[in-house]
Asker: 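Quick one: structure below, then a few questions.
Here is how names work: the chains are called A, B, and so on, in the same order as the sequence lines, proteins then strands, and each is numbered from 1. These figures come from a predicted structure and were not determined experimentally.
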Amino acid sequence: MNELAVNHTPLIRCCDLSKSFGAKQALDRVELEIGRGRIVGLLGPNGSGKTTLIKLMCGLLQPSAGFLMIDGHEPGVYTKSVTSYLPDRMYFADWMCSRDLVDLFADFYRDFDRKKATEMCSTLGIGPRDRIKSMSKGTKEKLQLALAMSRAAQLYLLDEPIAGVDPAARDFILSTILTNYNENGTVLISTHLISDVERTLDEAVFLKQGHVVRHEAVDELREREGKSVDALFREIFRAQPMEGGEW
Amino acid sequence: MLGKLLKYEFRSISRQFAGIWIAALAVALINGILQTPFGETDSPVSLVMILVYSGVMVALFVITLIFILGRFNSGLLGQEGYLMFTLPVTPTMLVTSKLMASIIVSFVSCIVAFASMILLSVRYMNFLPEFFSELTRLLRTITFEEPALWLTLLETLVLLFVWCAVAVLEIYVAIAVGHLANRHRTALAVGAFIVISSVSSWLMGIIGKAADEPGMDNWLDSMIAHGSHTAATNIGLLLMIALGVFFAAIYFIGTTAIISKKLNLE
């Protein structure tokens with residue numbers, strides 16, 4: 001029988017995953033499984049542990065307890081080869097020009113599409129010899145996005161890709177993600193700007209003070225709760241002002 | 001993958017150092033051409049050029065030191081770390097590539113400084129043909145009469161390489177120890193460097209005393225008495241290399257262990 005090989009193991013598996021920084025508990029016994037071919041929103045307010053969870057998936061942090069598997073492997077050389085990461089900050093070296101970065105990605109990632117990256121840079125008005133040092137913050141962000149989305153990765157980890165940009169740039173970023181990701185892969189987008197990404201999501205993971213408080217398919221969630229993900233987010237994370245308490 | 005990492009290290013070196021290396025040689029050459037013989041009054045131009053040359057030499061030293069610190073501190077543990085640590089390579093490869101880059105820059109900077117000193121005396125280079133003929137004669141003598149000296153030369157080069165690596169890795173391991181703190185990382189790194197340097201000096205003292213023991217002395221004396229000066233030198237160099245490898249291995253293992261297990265990019 002001519003059968004297509006389908007991988008049923010979860011792409012991301014977190015088991016009892018905890019991370020603390022000194023006395024501060026950033027993630028507390030997180031249990032999470034995410035499959036393949038999904039667009040997942042990692043939703044939570046600032047300080048809820050979104051970036052910590054993404055950094056653990058990238059291997060930029062080590063867990064304090066529990067474990068984490070990407071495509072059946074602990075974070076390491078293999079998982080880095082199938083994961084495309086867009087951090088929430090710039091990672092460029094001052095001496096580089098845009099061609100250096102494209103060369104670097106082409107050298108290290110087998111799934112990198114140089115032609116696609118070059119076309120995206122050209123659309124953004126970035127020339128191959130343009131120095132990173134002389135680019136504006138917005139252009140640098142777009143260059144990083146173009147590089148991340150020029151890979152046919154199994155997993156895209158996009159940390160706050162639309163934070164701190166104007167609505168027009170948000171649309172550009174989201175459409176770049178949606179038109180360029182590998183459809184067999186999973187996209188994990190962390191954000192607290194729910195209304196902008198809601199329409200693109202298949203699943204939503206709500207993270208509150210280091211705990212996963214909800215993980216559901218977006219359609220089911222809307223149907224059951226009778227409200228948008230954005231409205232639910234506001235309900236779950238509504239601040240309780242002037243509650244008092246110990247300092 | 002190490003080769004690919006080194007490719008980008010070399011690109012970085014060429015962009016950051018080409019200017020200062022060329023400037024050092026060019027300023028030295030101009031100085032050499034303008035210079036008057038010793039004892040005679042220098043012209044204001046040549047005095048200014050000597051000041052410029054001194055400035056370039058200081059800049060070369062400072063930039064080399066900043067490069068060694070920066071390749072590890074900013075290149076791995078700063079924002080660039082977000083790129084480097086998400087490449088599909090091991091931390092060992094990353095540290096090795098930064099170490100190799102630092103050693104190469106140190107060596108080339110030293111060679112440039114030495115070459116610039118030769119260029120300073122460019123007007124008095126009539127000694128050069130004689131110098132090269134003497135050098136050729138010396139090399140021929142070594143090859144045919146004392147070939148073991150080639151081994152000594154090779155060992156000297158390895159010794160320089162190994163102890164350069166020790167110096168660089170001592171800085172790296174101190175920065176890595178500083179990285180263990182959540183705050184005041186620079187202060188902790190400086191403190192760690194002072195402690196590590198003191199401990200390694202103390203250990204070197206102990207090893208030096210052990211080497212000064214009568215048994216060791218007698219053994220080397222007997223070798224020299226039997227006309228084996230070169231053999232005694234070679235053994236001494238090999239021992240110094242082994243000691244350097246020992247320190248380098250400890251620092252390297254410490255550095256990679258910290259960045260593998262305790263990496264915490266801000």
Asker: Go through the atoms of B:Ile259 and report whether side chain, backbone, both or neither lie under 4.5 Å from a heavy atom of chain A.
Answerer: neither

Asker: Assess whether atom CD of A:Glu74 is packed by more than 12 heavy atoms of other residues, nucleotides or ligands within 6.0 Å.
Answerer: no

Asker: Show, in sequence, the C-alpha distance, side-chain angles and deciding distance for A:Leu61 and B:Leu263, and conclude whether the side-chain contact (heavy atoms from CB on, under 4.5 Å) test is met.
Answerer: CA-CA 6 Å; A:Leu61 289 175; B:Leu263 182 68; over 6 Å; no

Asker: Answer yes or no: does atom CZ of A:Arg29 have more than 12 heavy-atom neighbours from other residues, nucleotides or ligands under 6.0 Å?
Answerer: no

Asker: May I ask you to test the B:Thr86-A:Thr83 pair for a side-chain heavy-atom distance under 4.5 Å?
Answerer: no

Asker: Supply the atom-to-atom distance A:Gln62 CD to B:Ser260 OG, rounded to the nearest 0.5 angstrom.
Answerer: 7.5 Å

Asker: How long is the span from the OH atom in B:Tyr82 to the SG atom in A:Cys58, to the nearest 0.5 Å?
Answerer: 10.0 Å

Asker: How far does CE of A:Met90 sit from CG of B:Leu83, to the nearest 0.5 angstrom?
Answerer: 13.0 Å

Asker: Counting heavy atoms not belonging to B:Met100, are there more than 12 under 6.0 Å from its CE?
Answerer: no

Asker: With only heavy atoms counted, which part of A:Phe92 is less than 4.5 Å from chain B, the side chain, the backbone, both or neither?
Answerer: backbone

Asker: Measuring from B:Leu265:CG to A:Thr51:OG1, what's the distance to the nearest 0.5 Å?
Answerer: 12.5 Å

Asker: Between B:Glu80 and chain A, which part of the residue has a heavy atom less than 4.5 Å away: side chain, backbone, both or neither?
Answerer: both

Asker: How many angstroms lie between atom CD1 of B:Ile13 and atom CH2 of A:Trp95, to the nearest 0.5 angstrom?
Answerer: 10.0 Å

Asker: Non-hydrogen atoms of chain A under 4.5 Å away: do they reach the side chain of B:Lys4, the backbone, both or neither?
Answerer: both

Asker: Chain B heavy atoms under 4.5 Å from A:Tyr109: which part of the residue, side chain, backbone, both or neither?
Answerer: side chain

Asker: Which atom pair, heavy atoms only, marks the closest approach of B:Lys7 to A:Asp107?
Answerer: NZ-OD2, 2.6 Å

Asker: Under the salt bridge (Lys or Arg N to Asp or Glu O under 4.0 Å) rule, what do B:Arg15 and A:Asp100 come out as? Steps first, then yes or no, please.
Answerer: CA-CA 12 Å; B:Arg15 302 262 170 91; A:Asp100 293 317; 2.7 Å; yes

Asker: Grab the two heavy atoms, one from A:Val77 and one from B:Val89, that are nearest each other, plus how far apart they are.
Answerer: CG2-C, 3.7 Å

Asker: Measuring from B:Tyr8:OH to A:Leu104:CG, what's the distance to the nearest 0.5 Å?
Answerer: 5.0 Å

Asker: Does A:Phe67 have more than 12 heavy atoms from other residues, nucleotides or ligands lying within 6.0 Å of its CZ?
Answerer: yes

Asker: Any chance CZ of A:Phe172 has more than 12 other-residue heavy atoms, nucleotides or ligands included, within less than 6.0 Å?
Answerer: yes

Asker: Let me know if B:Arg11 has heavy atoms under 4.5 Å from chain A in its side chain, its backbone, both or neither.
Answerer: both

Asker: Any idea which heavy atoms bring B:Leu87 and A:Lys80 closest together, and the distance?
Answerer: O-CD, 3.4 Å

Asker: Report, as yes or no, whether the 6.0 Å neighbourhood of atom CZ on B:Phe107 holds more than 12 heavy atoms from other residues, nucleotides or ligands.
Answerer: yes

Asker: Report the option among A:Val82, A:Asp103, A:Leu101 that has the most heavy-atom pairs separated by less than 4.5 Å from atoms of chain B.
Answerer: A:Asp103

